[in-house]
Amino acid sequence: MTISKKEILSQLLLLFVLFNIGLVIKAQSSFDITAAQLGRVHVEKSTQAIDAIPGDFKFVSPGKLTIAVAPSDPPTAFYATDAKTPIGVDPDFASALAESLGLELSLIPITWIDWSLGLSSGKYDAVLANVGVTEDRKKKFDFSTYRLGLHGFYVKKESEITEVTEPKDLSGLRIIVGAGTNQERILLRWNETLLAENDPPLQLQYYDDGAVSLLAIQSERADVIVQPNAQLVYIAERDGNIRGVGTLSAGWPDRSDVAVVTRKDRGLAEPITIALNSLIENGHYQKILDKWYLGDEALEVSETNPQGLPLQ
């Protein structure tokens, strides 16, 4: 029996559709991406945190904690299947903080670049948008830390690479990294170390498209991809064909903390820090991170305005 080219193309198209449906089903089985978020962690009020709120503090909306999130990258913050409800680890922490402070949550989706102007102008009480603590930002805002800022090293599932902890582990390998990113800055410094020790340098590769980057890993045109850890965690769980082999502080060689941001000296940072430490102590904090497969980014304690990354 002869099969026409048209029939072959139709079968290939069907296989492609079924494959992508499979990815969606797998993503839904690993992550709850529905608007209802029935598995969201709910918490009790923290009397200590509530008592720490200054008596004259004025919330944007009385009785509500108005928090801005930036739905762009799962699982940090992104839109649910209804294409309008922000979900992810940041919205879950926003919900837990509102409940801890005995307030109703008002969640405002924003673009990341707008967070500082919107907060300064009083559009919201706080920002939960993957904002790292820096010494420069501390001059203008207060911070309550809630996650480690990590980059991830990921490889093809069948790769022989088992661990990346230092420059030598990547010597001579082909590394996918975004141009102009913090990851590239770090890897260029790693290259300086390798060259100083007469080791083969990293071979950095740049792609404009995330799908093409992942295809390069699968087709073995590249060995390792480096991106913010949370993004790669989601992709690994969704697709099942890459795996993590290490993490790296986003501020390498310094520690990098991600924090809830509030207006400078308005008195809300300390209550939020107290609430976060209460969540850490009662286990709800770890449950939220584990729900989104981000347990590696857990802090032992939340701090108000810790040492931030230095000026670059």
Using atom types as modelled and distance alone, determine if a side-chain donor or acceptor of [X] lies under 3.5 Å from a backbone N or O of [Y].
X: Glu135; Y: Pro310; value: no
X: Glu270; Y: Ala52; value: no
X: Ser120; Y: Ser116; value: yes
X: Ser213; Y: Asp209; value: yes
X: Gln205; Y: Ala222; value: no

Start with the C-alpha distance between Leu107 and Val69, add both sets of side-chain angles, then the distance that settles side chain to side chain contact (heavy atoms under 4.5 Å, CB included), and finish with yes or no. CA-CA 7 Å; Leu107 208 58; Val69 294; 3.8 Å; yes
How far apart are the closest heavy atoms of [X] and [Y], and which atoms are they?
X: Ala126; Y: Thr262; value: CB-CG2, 3.8 Å
X: Leu289; Y: Glu297; value: CD1-C, 4.3 Å
X: Gly122; Y: Val60; value: O-CG2, 3.5 Å
X: Leu309; Y: Ser256; value: CD1-OG, 4.0 Å
X: Tyr79; Y: Pro86; value: CD2-N, 4.1 Å
X: Asn282; Y: Glu44; value: ND2-OE2, 3.4 Å

To the nearest 0.5 angstrom, please state how far the [atom1] atom of [X] sits from the [atom2] atom of [Y].
X: Ile217; Y: Tyr154; atom1: CD1; atom2: OH; result: 12.5 Å
X: Asn305; Y: Ser144; atom1: CG; atom2: OG; result: 7.5 Å
X: Lys138; Y: Thr304; atom1: NZ; atom2: OG1; result: 10.5 Å
X: Leu294; Y: Thr76; atom1: CG; atom2: OG1; result: 6.5 Å
X: His284; Y: Ser278; atom1: NE2; atom2: OG; result: 8.0 Å
X: Tyr293; Y: Asp296; atom1: OH; atom2: CG; result: 13.5 Å

Using the side chain to side chain donor-acceptor pair (under 3.5 Å) rule, take Asp114 and Thr111 through it: C-alpha gap first, then chi angles, then the decisive distance, then the call. CA-CA 6 Å; Asp114 292 330; Thr111 57; 2.6 Å; yes
With a 4.0 Å cut-off on N to O distance, would you call [X] and [Y] a salt bridge?
X: Asp257; Y: Arg147; result: no
X: Arg189; Y: Glu192; result: no
X: Glu220; Y: Lys156; result: yes
X: Asp142; Y: Arg263; result: no

Short side-chain donor-acceptor distance under 3.5 Å, Gln218 and Lys157: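 Not at all, the side chains of Lys157 and Gln218 share no donor-acceptor pair under 3.5 Å.
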Verdict with supporting geometry, Thr134 and Asp136, side chain to side chain donor-acceptor pair (under 3.5 Å): CA-CA 5 Å; Thr134 69; Asp136 188 48; 5.4 Å; no
The test is side chain to side chain donor-acceptor pair (under 3.5 Å); show your working for His151 and Gln227 and say whether it passes. CA-CA 6 Å; His151 297 318; Gln227 284 181 205; over 6 Å; no
Answer yes or no: are there more than 12 heavy-atom neighbours, outside [X] itself, under 6.0 Å from its atom [atom1]?
X: Asp208; atom1: CG; value: no
X: Lys264; atom1: NZ; value: yes
X: Glu158; atom1: CD; value: yes
X: Arg266; atom1: CZ; value: no

Could you go step by step and tell me if Ile50 and Lys45 meet the side chain to side chain contact (heavy atoms under 4.5 Å, CB included) rule? CA-CA 8 Å; Ile50 294 171; Lys45 293 180 182 179; 4.0 Å; yes
Using 30° and 60° as the class limits, which term best fits the ring planes of Phe31 and Trp292: parallel, tilted or perpendicular?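 Answer is parallel, since the angle falls under 30°.
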Should Ser171 and Leu202 be marked as a side chain to side chain contact (heavy atoms under 4.5 Å, CB included) after you check the CA-CA gap, both sets of side-chain angles, and the distance that decides it? CA-CA 6 Å; Ser171 178; Leu202 315 180; 5.6 Å; no
For Tyr146 together with Tyr285, are the ring centres under 6.0 Å from each other?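 Centroid separation for Tyr285 and Tyr146: 6.0 Å or greater.
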Report the C-alpha separation of Leu150 and Leu248 in whole Å, then their side-chain angles, then the decisive distance to 0.1 Å, and conclude whether the side chain to side chain contact (heavy atoms under 4.5 Å, CB included) test is met. CA-CA 5 Å; Leu150 296 178; Leu248 173 74; over 6 Å; no
